[in-house]
Amino acid sequence: MRRQIVIGNWKMNGNTTANQKLLAGLVDAWTGVHQAEVAVCPPYPYLAAAAAQLENSNIGLGAQDLSKNGNGAYTGEISGEMLVDSGCRYVLVGHSERREYHGESSQLVAEKFQVALDHGLIPVLCVGETLEEREDDKTFDVIGKQLLAVVDHCGLPGVAKGIIAYEPVWAIGTGKTATPEMAQDVHSYIREVLGPEGDSMRILYGGSVKPDSAEGLFAKKDIDGALVGGAALNAEDFVAICRAAE
Ligand code: PEP
C-alpha cells in the first residue's frame with residue numbers, strides 16, 4: 001500500500017507575510033489524522049521560518065534543490081547538511097526548470113539524489129519530456145534515460161528510497177495537464193523500468209494540477225499524488241488537491 005503524497009513547490013515566490021498567511025491556512029485546514037501526506041517546498045530563505053510554523057503540524061517541509069557538494073567554498077550553494085539543519089525532510093532534484101535554466105545534466109541530478117540520501121533526506125526526482133520529444137514519440141526514451149542515470153549512480157535500492165515525480169515539461173505552468181490516461185501510461189512505464197523495487201515507490205504527477213483535475217489523476221492506479229506548482233500558492237486550492245488524494 002503506497003501512501004499518497006502531495007508536495008507544493010513554491011518556486012521563487014512568496015515573502016515573509018504571504019508565506020505566514022499561506023502556511024497558517026494550510027495548518028488550519030490540515031489538522032487531525034489524514035491518509036495522505038502533505039509537504040511544501042518554500043524558497044531557501046524561508047525554510048527556517050516555515051519549519052517553525054509547521055512544528056507540531058502534520059505538514060512536512062522540503063527544499064527545491066541542493067548542492068552536490070558538502071559544506072565549503074561553493075558560493076551561493078546550499079548543502080544537504082544545511083537543509084537537514086533547517087528542518088527539511090524532502091528535496092526536489094532535477095526539476096525541469098533546473099535542467100533547462102541551469103543546465104543540470106542527468107549525471108548531476110543523479111549525484112544530487114545520492115547526496116540527499118546520504119543526508120537522510122527523501123529526494124523527489126523530477127523527470128519529464130518536452131513537447132517536441134512527445135511529438136517525436138520519444139517520451140519513454142527520454143524518461144527511461146533520466147531514470148537510468150540515477151539508477152546507475154545510486155542503484156535500485158537507493159532510488160527506491162526516494163520519490164519520483166513525472167512532470168511533462170509542456171504541462172508545467174502552462175495550464176495544460178496531461179490526461180489521467182497519458183499520465184498513467186508514463187507512470188506504469190516508470191514502474192516497469194524500476195522493476196519489483198519500484199512497486200513500493202511513490203510516483204507523483206506534476207504539471208498544472210488544479211483542484212478540478214486532481215481527482216481524475218489520483219484515481220489512476222500508478223499515480224500516488226502530485227507535485228504542485230502554481231496551485232500550491234493558494235491555500236484553498238492546495239488543500240482541495242490534498243483532499244482529493246485521500
Ligand atoms: C512544478 O513546478 O513542479 C509544477 C508542476 O508547476 P505547475 O503546477 O505550476 O505546473
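Atoms within a ligand are numbered from 1 in the order they appear, just like the ligands themselves.
Given atom 9 (O) of ligand 1, the protein heavy atom at minimum distance is G230 N, 2.8 Å. For atom 1 (C) of ligand 1, the nearest protein heavy atom (residue, atom name, distance) is H95 NE2, 3.2 Å. Of all protein heavy atoms, the one closest to atom 8 (O) of ligand 1 is G229 N, 2.8 Å. Of the protein's non-hydrogen atoms, the one nearest atom 5 (C) of ligand 1 is E167 OE2, 3.0 Å.
Residues S208 and S213 approach most closely at O-OG, 4.1 Å, considering heavy atoms. Closest heavy-atom contact between P180 and G216: CB-O, 3.5 Å.
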Walk me through whether E111 and H153 qualify under side chain to side chain contact (heavy atoms under 4.5 Å, CB included).
CA-CA 7 Å; E111 288 173 40; H153 189 74; 3.7 Å; yes

Yes or no on side chain to side chain contact (heavy atoms under 4.5 Å, CB included) for L92 and L227, after CA distance, side-chain angles and deciding distance?
CA-CA 10 Å; L92 309 184; L227 179 56; 4.0 Å; yes

V169/L131 under side chain to side chain contact (heavy atoms under 4.5 Å, CB included): CA gap, chis, key distance, verdict:
CA-CA 7 Å; V169 179; L131 185 58; over 6 Å; no

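In this model, a donor atom of one side chain and an acceptor atom of the other lie less than 3.5 Å apart for N71 and S79.
Checked against a 3.5 angstrom limit, the closest N/O atoms of E97 and ligand 1 fall outside it. By the 3.5 Å distance cut-off applied to N or O atoms, G173 is counted among the residues near ligand 1.
Per-residue contacts place A171 under 4.0 angstrom from the following atoms of ligand 1 (heavy atoms of the residue considered): 10 (O). In summary, the atoms of ligand 1 found under 4.0 Å from a heavy atom of G207, numbered by their order in the structure, are 5 (C), 10 (O). Atom numbering of ligand 1 starts at 1 in the shown order; those under 4.0 Å from a heavy atom of I172 are 4 (C), 6 (O), 10 (O). Numbered from 1 in the order shown, with element, the atoms of ligand 1 that lie under 4.0 Å from a heavy atom of L227 read 3 (O), 5 (C).
At distances below 3.5 Å, at least one donor-acceptor pair connects side-chain atoms of N58 with backbone N or O atoms of G32.
The closest approach between S208 and ligand 1 falls below 4.0 Å for a heavy atom of the residue.
If you look at N9 next to ligand 1, the close heavy atoms, those under 4.0 Å, all belong to the side chain.
A distance of 8.0 Å separates CD in E77 from CG in D65, rounded to the nearest 0.5 Å.
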